[in-house]
Amino acid sequence: MVKEIERAGIPVVHICTVVPISLTVGANRIVPAIAIPHPLGSPMLDHEEAKALRRKIVERSLVALTTEVSGQTVFD
Amino acid sequence: MSTKRIVHYINQFFGGIGGEEKADIKPEVREGVVGPGMALQAALKDEGEIVATIICGDSYFNENLQEAKEEVLELVKKYDADLFIAGPAFNAGRYGVACGTIADAVKKELNIPSMTGMYPENPGADMFKKSVHIIETGNSAAKMRKAIPLMASLAIKMLHGEEIGSPDEDNYIPMGVRKNYFHETRGSKRAVDMLMKKMAGEPFTTEYPMPNFDRVDPLPPIVDITKAKVALVTSGGIVPKGNPDRIESSSASKYGKYDIADLGDLLEASHETAHGGYDPTYANADADCVLPVDVLRDLETEGKIKELHRYFYTTTGNGTSVASSKAFAEEFSQELIKDGVDAVILTST
């Protein structure tokens with residue numbers, strides 16, 4: 001899906017846990033996530049802490065969207 | 001029984017330990033055969049003996065690739081194996097990545113012949129087909145009976161140190177290796193024969209299939225993200241509670257489009273996941289941990305982005321064919337463009 005969105009002409013960032021899969025699929029802007037069942041959260045944290053962690057990842061994805069890349073790039 | 005020793009790798013599901021709720025277990029070892037190892041042993045007859053089975057949770061392996069790989073290698077070392085077999089993983093993505101990673105590591109780091117099996121669309125196949133023999137299987141465990149004899153046949157060749165045939169002969173996914181040999185017919189005649197068939201509209205087999213590099217060049221970045229309309233898309237299966245469009249829990253045949261214009265936060269009462277390929281406990285309790293609506297709404301309010309698009313698009317990414325995923329995204333990308341979306345955040349579990 002990520003490739004088709006980019007092919008259609010919309011810049012896209014892929015937030016995912018298993019980065020090698022994203023690289024194989026062909027995403028260009030990749031932001032690593034926390035864990036498979038909760039990529040943007042953590043059950044070890046309370047709600048506010050989890051949200052802060054989520055915000056960090058989303059902000060990183062906005063940085064990825066505003067960064068010039070020449071090929072597949074992992075923003076970690 | 002033969003003295004040839006085989007170590008087999010399987011996941012928590014085939015190991016009979018549990019489903020997604022057990023996908024985070026660390027590697028453990030059992031003496032002898034477990035699960036699909038039984039059929040594999042039967043097909044191997046007395047050509048080799050599965051002396052140990054290593055079982056590891058798919059999520060544990062994928063979230064801790066390096067550690068998991070080293071832990072499994074340590075376990076394999078103890079058994080003085082002549083051959084290592086992983087899977088088959090069919091179209092299970094995390095399982096395929098685990099099988100490919102460990103089969104590759106056993107071959108390269110322990111110098112033990114190794115092999116696995118999976119469906120060609122499994123991401124593990126693309127990652128490791130060049131370095132490991134991967135038997136081509138069907139897309140689900142329902143194809144186990146067909147896969148086992150093919151796995152066993154290649155395993156026996158490897159145990160005997162026999163030369164392995166072409167991908168067609170030995171049923172593995174082409175590794176991109178070319179071998180020189182003398183053909184009984186010379187090249188010019190073969191080329192003309194092929195051309196004649198092509199002109200007659202008859203089926204023919206190329207001798208040099210073109211590699212398929214389906215890559216998309218990165219687009220230029222967003223210049224000013226505070227002026228951008230951002231849309232959320234996920235393969236993590238987040239849907240309104242009750243899954244109104246009945247998106248399948250795996251091998252999805254459709255995607256959903258849902259309105260979040262009035263929502264500042266996804267709640268346990270309003271949203272859940274339809275995805276059958278990961279433990280749903282966390283996503284059902286707070287779907288924001290897969291689809292970060294709460295954070296994007298905050299960023300919108302603070303003016304850090306111009307707008308969060310009022311619809312999100314969702315499907316379940318497990319076992320869903322490449323062709324379907326492509327078709328879904330081709331279709332909804334046109335809608336996103338029409339709706340003036342400037343950027344997409346796509347989340348995957």
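Lettering follows sequence order; numbering is per chain, from 1. Basis for what follows: all heavy atoms, side chains included, without hydrogens, waters or symmetry-related copies.
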| request: Mind ranking B:Asp286, B:Val223, B:Leu299 by heavy-atom pairs under 4.5 Å with chain A and telling me who comes out on top? | output: B:Leu299
| What part of B:Gln334 is in contact with chain A, defined as an atom under 4.5 angstrom from a non-hydrogen atom: side chain, backbone, both or neither? | side chain
| task | May I ask you to name which of A:Ile57, A:Val31, A:Asn28 has the most heavy-atom pairs under 4.5 Å with chain B? | result | A:Asn28
| said: What verdict does the side-chain contact (heavy atoms from CB on, under 4.5 Å) test give for B:Ile225 and A:Leu65, after you've listed the backbone C-alpha separation in whole Å, the side-chain angles of each residue and the deciding distance to 0.1 Å? | reply: CA-CA 8 Å; B:Ile225 197 76; A:Leu65 284 168; 4.3 Å; yes
| message | Between B:Leu291 and A:Leu40, is the side-chain contact (heavy atoms from CB on, under 4.5 Å) condition met? List the steps. | response | CA-CA 8 Å; B:Leu291 195 78; A:Leu40 289 133; over 6 Å; no
| query | Does a side-chain heavy-atom distance below 4.5 Å link A:Val13 with B:Val344? | reply | no
| task | Name the member of B:Gly93, B:Cys289, B:Ala329 that forms the most heavy-atom pairs with chain A at distances under 4.5 Å. | result | B:Cys289
| message | Can you tell me if B:Lys254 has over 12 outside heavy atoms packed within less than 6.0 Å of its NZ? | response | yes
| Hey, what do you get for CD1 (B:Ile222) to OG1 (A:Thr66), rounding to the nearest 0.5 Å? | 8.5 Å
| Where do A:Arg54 and B:Asp294 come nearest, in terms of heavy atoms and distance? | NH2-OD2, 2.6 Å
| message | Atom CZ of residue position B:Phe90 - does it have more than 12 heavy atoms of other residues, nucleotides or ligands inside 6.0 Å? | response | yes
| Heavy-atom proximity to chain A below 4.5 Å, by part of B:Asp288 | both
| query | Which atom names give the shortest non-hydrogen contact between A:Gly9 and B:Leu219, and what distance separates them? | reply | C-CD1, 3.3 Å
| task | Go through the steps for A:Lys3 and B:Arg215 under the test side-chain contact (heavy atoms from CB on, under 4.5 Å), then give the verdict. | result | CA-CA 8 Å; A:Lys3 222 159 45 184; B:Arg215 293 283 156 179; 5.7 Å; no
| field | Under 4.5 Å from any heavy atom of chain A - which part of B:Tyr255 | value | neither
| query | Taking all non-hydrogen atoms of both residues, which atom of A:Pro37 and which atom of B:Tyr282 are closest, and how far apart? | reply | CB-CD1, 3.6 Å
| task | Flag the one option from B:Thr349, B:Val295, B:Leu346 with the top tally of heavy-atom pairs under 4.5 Å to chain A. | result | B:Leu346
| Among A:Ala33, A:Pro20, A:Ser61, A:Cys16, who wins on heavy-atom pairs under 4.5 Å with chain B? | A:Pro20
| When A:Arg29, A:Glu68, A:His47, A:Arg55 are compared by non-hydrogen pairs under 4.5 Å with chain B, the top option | A:Arg55
| remark: Comparing B:Ile337, B:Thr101, B:Asp58 against chain A, the one with the most heavy-atom pairs below 4.5 Å turns out to be B:Ile337
| query | Does the side chain of B:Leu296 come within less than 4.5 Å of A:Val58's, by heavy atoms? | reply | yes
| message | Once rounded to the nearest 0.5 Å, what's the spacing between atom CZ of B:Phe128 and atom OG1 of A:Thr24? | response | 8.0 Å
| message | Does B:Arg94 form a side-chain contact (heavy atoms from CB on, under 4.5 Å) with A:Ile36? I'd like the steps, not just the answer. | response | CA-CA 10 Å; B:Arg94 288 168 304 158; A:Ile36 289 163; 3.4 Å; yes
| Contact part of B:Val97 toward chain A, heavy-atom cut-off under 4.5 Å: side chain, backbone, both or neither? | side chain
| message | I want to check something: taking the side chain as every heavy atom from C-beta on, are A:Met1 and B:Phe332 in contact at a cut-off of under 4.5 Å? | response | yes
| task | Taking A:Glu6 for its side chain and B:Val216 for its backbone only, find out whether a donor-acceptor pair lies under 3.5 Å. | result | no
| said: Is the shortest side-chain heavy-atom distance between B:Lys326 and A:Arg7 below 4.5 Å? | reply: yes
| To the nearest 0.5 Å, how far apart are CD in A:Glu4 and CG in B:Asp214? | 7.0 Å
| Of the backbone (N, CA, C, O) and the side chain (C-beta and beyond), which part of B:Thr315 lies under 4.5 Å from a heavy atom of chain A, both, or neither? | side chain
| remark: The interface call for B:Pro218 against chain A, heavy-atom contacts under 4.5 Å, is both
| Under 4.5 Å from a heavy atom of chain B, the part of A:Leu23 involved | backbone
| field | A:Ser70 versus chain B, the contacting section by heavy-atom distance below 4.5 Å | value | backbone
| said: Need one label for B:Asp224: side chain, backbone, both or neither, based on atoms under 4.5 Å from any heavy atom in chain A. | reply: neither
| request: Supply the atom-to-atom distance B:Ser348 OG to A:Ile15 CD1, rounded to the nearest 0.5 angstrom. | output: 9.5 Å
| message | Heavy-atom count check: over 12 atoms from other residues, nucleotides or ligands less than 6.0 Å from B:Lys257 NZ? | response | yes
| query | Are B:Asp298 and A:Lys51 ion-paired here, with the side-chain N under 4.0 Å from a carboxylate O? | reply | yes
| field | Under 4.5 Å from any heavy atom of chain B - which part of A:Ala35 | value | both
